[in-house]
Amino acid sequence: MISPILALAITLGFVMIGLAISLNVWRLFAGPTRGDRILALDTMVINSIALIVLFGINEGTTMYFESALLFAMVGFVGTVAYAKFLLRGDIVE
(Lines give C-alpha, C1' and ligand atoms only; values in the text may rest on other atoms or scores of the structure.)
Protein backbone atom coordinates (compact mmCIF):
# COMPACT_ATOMS: atom_id res chain seq x y z
CA MET A 1 0.00 0.00 0.00
CA ILE A 2 1.25 3.45 -0.96
CA SER A 3 1.33 6.21 1.63
CA PRO A 4 -0.90 9.25 0.99
CA ILE A 5 2.08 11.56 0.52
CA LEU A 6 3.64 9.26 -2.08
CA ALA A 7 0.26 8.96 -3.85
CA LEU A 8 0.02 12.75 -3.98
CA ALA A 9 3.58 13.04 -5.29
CA ILE A 10 2.89 10.45 -8.00
CA THR A 11 -0.30 12.25 -9.03
CA LEU A 12 1.50 15.59 -9.21
CA GLY A 13 4.28 13.89 -11.20
CA PHE A 14 1.74 12.59 -13.73
CA VAL A 15 0.24 16.07 -14.07
CA MET A 16 3.62 17.78 -14.48
CA ILE A 17 4.91 15.25 -17.02
CA GLY A 18 1.63 15.47 -18.93
CA LEU A 19 2.01 19.26 -19.08
CA ALA A 20 5.62 18.91 -20.22
CA ILE A 21 4.66 16.46 -22.98
CA SER A 22 1.88 18.76 -24.18
CA LEU A 23 4.33 21.67 -24.36
CA ASN A 24 6.76 19.44 -26.27
CA VAL A 25 4.05 18.57 -28.78
CA TRP A 26 3.37 22.29 -29.22
CA ARG A 27 7.06 22.96 -29.87
CA LEU A 28 7.21 19.98 -32.23
CA PHE A 29 4.52 21.45 -34.46
CA ALA A 30 5.25 25.16 -33.96
CA GLY A 31 9.04 25.01 -33.98
CA PRO A 32 10.43 27.52 -36.45
CA THR A 33 13.44 25.40 -37.41
CA ARG A 34 14.12 21.72 -37.89
CA GLY A 35 16.61 21.82 -35.02
CA ASP A 36 13.86 22.98 -32.66
CA ARG A 37 11.70 20.10 -33.79
CA ILE A 38 14.49 17.57 -33.20
CA LEU A 39 15.12 18.94 -29.72
CA ALA A 40 11.39 18.84 -28.96
CA LEU A 41 11.25 15.22 -30.06
CA ASP A 42 14.26 14.34 -27.91
CA THR A 43 12.75 16.09 -24.90
CA MET A 44 9.50 14.28 -25.51
CA VAL A 45 11.35 10.96 -25.43
CA ILE A 46 12.93 11.92 -22.10
CA ASN A 47 9.54 12.94 -20.68
CA SER A 48 8.01 9.69 -21.92
CA ILE A 49 10.75 7.76 -20.13
CA ALA A 50 9.94 9.66 -16.94
CA LEU A 51 6.26 8.84 -17.44
CA ILE A 52 7.03 5.13 -17.85
CA VAL A 53 9.21 5.11 -14.72
CA LEU A 54 6.54 6.95 -12.74
CA PHE A 55 3.94 4.45 -13.89
CA GLY A 56 6.24 1.63 -12.78
CA ILE A 57 6.56 3.20 -9.34
CA ASN A 58 2.79 3.56 -9.17
CA GLU A 59 2.21 -0.08 -10.13
CA GLY A 60 5.03 -1.41 -7.97
CA THR A 61 6.65 -3.59 -10.63
CA THR A 62 10.07 -3.50 -12.27
CA MET A 63 8.87 -4.46 -15.75
CA TYR A 64 8.35 -0.83 -16.69
CA PHE A 65 11.91 0.12 -15.73
CA GLU A 66 13.31 -2.29 -18.30
CA SER A 67 11.02 -0.91 -20.99
CA ALA A 68 12.09 2.63 -20.05
CA LEU A 69 15.73 1.62 -20.48
CA LEU A 70 15.05 0.17 -23.93
CA PHE A 71 13.06 3.27 -24.89
CA ALA A 72 15.99 5.46 -23.76
CA MET A 73 18.42 3.58 -25.98
CA VAL A 74 16.14 3.75 -29.00
CA GLY A 75 15.43 7.43 -28.36
CA PHE A 76 19.13 8.26 -28.18
CA VAL A 77 19.91 6.46 -31.43
CA GLY A 78 16.94 8.16 -33.09
CA THR A 79 18.05 11.61 -31.97
CA VAL A 80 21.58 11.02 -33.22
CA ALA A 81 20.23 9.80 -36.56
CA TYR A 82 17.95 12.84 -36.93
CA ALA A 83 20.78 15.23 -36.06
CA LYS A 84 23.16 13.52 -38.48
CA PHE A 85 20.55 13.69 -41.22
CA LEU A 86 20.01 17.38 -40.49
CA LEU A 87 23.72 18.15 -40.66
CA ARG A 88 24.80 15.95 -43.57
CA GLY A 89 21.63 15.00 -45.43
CA ASP A 90 22.46 11.31 -45.18
CA ILE A 91 22.47 8.90 -42.25
CA VAL A 92 24.65 6.12 -43.63
CA GLU A 93 28.04 7.14 -44.96
Between OG1 on residue Thr79 and CD1 on residue Ile46, distance to nearest 0.5 Å: 7.5 Å

Okay, side chain of Arg37, backbone of Gly31: is any donor-acceptor separation there less than 3.5 Å? yes

Residues Asp36, Thr33; criterion side chain to side chain contact (heavy atoms under 4.5 Å, CB included); working and verdict: CA-CA 5 Å; Asp36 288 333; Thr33 65; 3.2 Å; yes

Applying the side chain to side chain contact (heavy atoms under 4.5 Å, CB included) criterion to Asn47, which one of Ile52, Asn24, Asp42 satisfies it? Asn24

Is the number of heavy atoms from other residues, nucleotides or ligands within 6.0 Å of CG (Leu87) greater than 12? yes

Just how far is it from atom OG1 of Thr11 to atom CE of Met16, taken to the nearest 0.5 Å? 12.0 Å

Heavy-atom closest pair (Met44 atom, Leu28 atom, distance to 0.1 Å) is CE-CD2, 3.9 Å

Treating Ile, Leu, Val, Met, Phe, Trp and Tyr as nodes and any side-chain heavy-atom pair under 4.5 angstrom as an edge, say whether Ile49 and Met63 lie in one connected cluster. yes

Closest heavy-atom contact between Ala7 and Ile2? N-CG2, 3.7 Å

Derivation of the side chain to side chain contact (heavy atoms under 4.5 Å, CB included) call for Phe65 and Ile57: CA-CA 9 Å; Phe65 302 132; Ile57 292 170; 4.0 Å; yes

What pair of heavy atoms forms the shortest contact from Gly13 to Leu54, and how long is it? C-CD2, 3.4 Å

Is there a path of hydrophobic side-chain contacts, each under 4.5 Å between heavy atoms of I/L/V/M/F/W/Y residues, joining Leu39 to Ile17? no

Cluster check Val15, Leu6: I/L/V/M/F/W/Y, side chain < 4.5 angstrom: no

Do Leu86 and Val45 sit in the same hydrophobic cluster, where Ile, Leu, Val, Met, Phe, Trp and Tyr count as joined when their side-chain heavy atoms come under 4.5 Å apart? yes

Would you check, one step at a time, whether the test side chain to side chain contact (heavy atoms under 4.5 Å, CB included) holds for Leu51 with Phe14? CA-CA 7 Å; Leu51 189 67; Phe14 279 130; 3.6 Å; yes

Are Val25 and Tyr82 linked, directly or through intermediate hydrophobic residues, by side-chain heavy-atom contacts shorter than 4.5 Å (ILVMFWY only)? yes

Would you give me the side-chain donor-acceptor pairs under 3.5 Å for residues 67-76, sequence neighbours excluded?
from, atom 1, to, atom 2, distance (Å)
Ser67, OG, Tyr64, O, 2.8

